[in-house]
Amino acid sequence: MTRTVDATVDTAQELAAFLRTRRERLDPRELGLPPRRRARRTPGLRREEVAELAGVSIDYIVRLEQARGLRPSADVVEALARALRLAPDERAYLFDLAERRPRQADKLATAAAPPLARLVEDLSPLPVMLMNHRYDILAWNTEMAGLLTDFGALPPARRNSMWLCLMHPEIREFYVDRERVVREGIAHLRAAWAAHPKDRALIDLIAEFTAHDEDFARLWAERDVKAQGRGLKAMRHPDLGEITVRFEVLTPLQDPDQRLVIYRAGDEESQAAMDRLSAR
């Protein structure tokens, strides 16, 4: 069955779904709530418990979860974030959905800022690429192309890190823990989707992924928004064998829609393999 994403972000519906999923994942015992005589029919907190923790009425929570057009104030959003024990990324996502986080002018990057393009080259021999919020690859150095793929040989519309991971016949099997890589990518895309609700290119990209990749559709529905700015990835390189890289994602102050992605070797064997790659 073909799955689709709405043409625009229905923030009321998404806010309702996000609040429900975050309420249902909480364990009342961990929050020190008193036991109830009546058995729980659903997991997590009851609506009245969230209302009590957030200092709002039960009816208010009901209307929010039924997407009945409420737009909570910044104070209420903050109270809900505390009540639901949201992580920082989830809190930011909730503020975006409620349209209560101050937005910068939507200066969406479609080309690399020249100083950043030069920095990508200057950081050699480390593999580096520059992406925007959609995961479009705007610039890369020789080492990153040697590690992943020849980006220059791809049509511009396919120079997208998430598309490569999901759709490219070789890179689909490139990551040892592919589900974790896809999950982390989806978390970033969902946060970007809420922050840029009118970005047609991003909406179309998510619709394509949802329709053609079952793993993406399944993980997208989990509404995870915890972005990973650093970590480890194990890769199966066709020439180097299995290697581990340590990645770091940096956001320039002058160009907040662009992100530098820097790879370093994760262990001595991987360092030796990457040294061989650089020496070519």
Side-chain angles (χ1 to χ4, degrees), residues 1-28 31 33 36 38 40-104 106 133-134 183 186-211 214 216-227:
M1 183 177 66
T2 300
R3 300 177 177 89
T4 59
V5 170
D6 292 340
T8 57
V9 179
D10 186 336
T11 52
Q13 290 289 345
E14 180 58 25
L15 177 64
F18 187 66
L19 290 175
R20 285 195 303 271
T21 58
R22 292 313 180 260
R23 171 172 64 82
E24 291 170 356
R25 75 178 182 178
L26 292 175
D27 187 339
L31 300 182
L33 294 174
R36 304 269 180 167
R38 184 161 50 93
R40 295 178 182 271
R41 291 179 295 177
T42 58
L45 298 187
R46 292 191 173 101
R47 287 168 173 164
E48 56 264 33
E49 290 168 332
V50 174
E52 182 179 350
L53 290 170
V56 298
S57 70
I58 299 173
D59 180 65
Y60 193 85
I61 297 296
V62 170
R63 285 186 290 160
L64 277 177
E65 290 195 0
Q66 292 178 348
R68 286 159 58 182
L70 294 181
R71 186 167 176 248
S73 68
D75 288 341
V76 170
V77 174
E78 185 62 51
L80 289 169
R82 287 197 303 270
L84 296 171
R85 305 299 193 264
L86 298 187
D89 292 317
E90 295 172 323
R91 176 183 174 278
Y93 185 64
L94 185 64
F95 268 83
D96 278 335
L97 291 176
E99 299 179 351
R100 293 301 186 187
R101 189 161 65 148
R103 296 186 185 274
Q104 297 178 342
D106 269 358
H133 68 283
R134 303 184 202 113
R183 185 183 295 276
I186 288 173
H188 168 82
L189 281 182
R190 181 169 276 284
W193 185 61
H196 305 286
K198 297 181 180 179
D199 182 355
R200 165 58 64 179
L202 177 59
I203 293 164
D204 291 345
L205 196 64
I206 294 169
E208 179 185 1
F209 295 159
T210 306
E214 291 185 359
F216 184 95
R218 172 175 55 84
L219 296 172
W220 177 263
E222 293 183 7
R223 292 181 165 80
D224 185 11
V225 293
K226 181 174 175 54

| message | Any heavy-atom pair between the side chains of Val56 and Pro72 that's under 4.5 Å? | response | no
| request: Nearest 0.5 Å please: distance from the CZ atom of Arg23 over to the CZ atom of Arg85. | output: 15.0 Å
| note | Heavy atoms of Leu97 and Ala194 approach each other most closely as CD2-CB, 4.1 Å
| Can you list the steps and then say if Leu26 with Val50 is a side chain to side chain contact (heavy atoms under 4.5 Å, CB included)? | CA-CA 10 Å; Leu26 292 175; Val50 174; 5.9 Å; no
| Between atom CD of Glu48 and atom CG of Leu53, what is the distance when rounded to the nearest 0.5 Å? | 11.0 Å
| query | Between Arg47, Arg20, Arg22, which is the residue that forms a salt bridge (Lys or Arg N to Asp or Glu O under 4.0 Å) with Glu65? | reply | Arg47
| remark: Leu94 and Ala81 have their tightest heavy-atom pair at CD2-N, 4.1 Å
| Closest approach of Ile206 and Phe216, non-hydrogen atoms and distance? | O-CE2, 4.0 Å
| said: Return the CD to CD1 distance between Glu49 and Ile58, rounded to the nearest 0.5 Å. | reply: 10.0 Å
| task | Mind listing the closest non-hydrogen atom pair of Ala79 and Ala54 along with its distance? | result | CB-O, 3.4 Å
| said: So that I can tick it off, tell me whether Arg223 and Glu24 are bridged by a salt bridge, with the cut-off set at under 4.0 angstrom between side-chain N and carboxylate O. | reply: no
| remark: In this structure, CD1 of Ile186 is separated from CZ of Arg218 (nearest 0.5 Å) by 8.5 Å
| task | Mind running side chain to side chain contact (heavy atoms under 4.5 Å, CB included) on Phe209 and Leu189 for me, showing each step along the way? | result | CA-CA 11 Å; Phe209 295 159; Leu189 281 182; 4.2 Å; yes
| Evaluation steps, side chain to side chain contact (heavy atoms under 4.5 Å, CB included), between Glu222 and Arg190 | CA-CA 10 Å; Glu222 293 183 7; Arg190 181 169 276 284; over 6 Å; no
| message | Can you classify the ring geometry of Phe18 versus Tyr93 as parallel (below 30°), tilted (30 to 60°) or perpendicular (above 60°)? | response | perpendicular
| query | What's the spacing between Leu15 CG and Leu70 CG if we round to 0.5 Å? | reply | 9.0 Å
| request: Search all heavy atoms of Arg91 against all heavy atoms of Leu86 and return the closest pair with its distance. | output: N-CB, 4.0 Å
| query | Taking 4.0 angstrom as the limit, do Arg100 and Glu78 come out as a salt bridge? | reply | no
| Does Asp224 come within less than 4.0 Å of Arg183, counting only side-chain N to carboxylate O? | no
| request: Quick one: list whatever passes salt bridge (Lys or Arg N to Asp or Glu O under 4.0 Å) with Asp89, sequence neighbours left out. | output: none
| Between Leu80 and Ile61, is any pair of side-chain heavy atoms under 4.5 Å apart? | yes
| request: Locate the shortest heavy-atom distance separating Pro197 from Ile203; write the atom from each residue and the value. | output: O-CD1, 3.5 Å
